[in-house]
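Reviewing the structure listed below.
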Amino acid sequence: MVYLGADHGGFLLKEAIKAHLEEQGIAVTDCGTYSEESVDYPLIAKETCQRILADEGSLGILCCGTGIGISMSANKVKGIRAACCSDYFSAKYTRLHNNANVLCMGGRVIGPGAACELVDVFLNTEFEGGRHQRRVDQITAIENEQ
Ligand code: RB5
């Protein structure tokens, strides 16, 4: 399952990603928002991330205007490693090296064609583990110290 969430700034991008995934037969859960009416991205991030964590091994895609506010919010949820990306290399390596479980993008930054390419590589790349596991464990340790 892929969980999708967006504020009004990322709504159209989320809709394009949703259609792209559904065309491939990938199951998605749309956690909102459902229009271009203004909403607060931290609330969407929290709701979407809680649903991701409740479904072990699942991944999420979050969009706002820049991808930044919604990624900051997502990273406040314990267990979430959200990466704000607008290039293919970062979207791939944040899975390989950071074991990111959420990809964030900006609807005012990246077009739907490029965004869908980032989504595809993000969803189809596995964490490498090895030395990267130690570093991800250190991220978790920082989180647990707070
Ligand atoms: C909303 O106008 C905008 O601030 C939001 O979508 C996002 O870009 C925040 O980081």
Side-chain angles (χ1 to χ4, degrees), residues 1-127 132 135-146:
M1 179 64 67
V2 178
Y3 292 86
L4 304 178
D7 75 352
H8 53 289
F11 169 71
L12 291 175
L13 188 58
K14 178 206 20 114
E15 291 302 296
I17 291 165
K18 184 176 166 183
H20 175 72
L21 294 177
E22 286 176 342
E23 270 168 27
Q24 297 177 66
I26 295 171
V28 302
T29 296
D30 186 348
C31 303
T33 189
Y34 305 106
S35 75
E36 288 185 272
E37 193 178 322
S38 182
V39 291
D40 296 333
Y41 58 80
L43 307 180
I44 298 282
K46 182 180 171 189
E47 164 73 15
T48 311
C49 289
Q50 286 175 339
R51 294 176 80 164
I52 292 164
L53 293 173
D55 182 356
E56 206 182 327
S58 66
L59 297 172
I61 314 287
L62 290 172
C63 305
C64 66
T66 58
I68 296 171
I70 207 156
S71 64
M72 288 180 169
S73 308
N75 278 315
K76 298 296 179 192
V77 180
K78 195 172 176 175
I80 292 294
R81 289 175 302 280
C84 182
C85 299
S86 51
D87 69 278
Y88 188 91
F89 183 87
S90 299
K92 178 175 178 177
Y93 275 79
T94 200
R95 287 286 304 133
L96 284 172
H97 288 186
N98 315 127
N99 200 14
N101 48 12
V102 178
L103 172 66
C104 302
M105 292 174 291
R108 297 169 186 157
V109 176
I110 188 169
C116 289
E117 294 275 321
L118 303 199
V119 166
D120 288 346
V121 74
F122 182 81
L123 297 181
N124 291 312
T125 303
E126 294 294 327
F127 179 49
H132 302 295
R135 294 159 184 163
V136 171
D137 289 345
Q138 289 167 356
I139 295 174
T140 304
I142 294 169
E143 192 174 60
N144 289 333
E145 281 163 19
Q146 302 310 304

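Only heavy atoms go into these numbers, but all of them, side chains included; no hydrogens, no water, no symmetry mates. Counting convention: from 1, in listed order, for ligands and their atoms alike. Along the sequence shown, residues are numbered consecutively beginning with 1.
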*E37, CD: over 12 other non-hydrogen atoms inside 6.0 angstrom*: no
_Separation of E126 CD from N99 CG (nearest 0.5 Å)_ = 9.0 Å
*For the side chain of S71 and the backbone of I68, is there at least one donor-acceptor N/O pair under 3.5 Å apart?*
yes
*When you look for protein heavy atoms under 4.0 Å from ligand 1, which residues do they belong to?*
D7, H8, Y41, C64, G65, T66, G69, R108
*Please name all residues satisfying side-chain contact (heavy atoms from CB on, under 4.5 Å) with Q50, sequence neighbours left out, ordered by chain then number.*
K46
*asked:* Using side-chain heavy atoms (C-beta onward) and a distance below 4.5 Å, is I44 in contact with S73?
replied: no
_Sidechain-backbone polar pair: K14 side chain, T33 backbone, donor-acceptor under 3.5 Å_ = yes
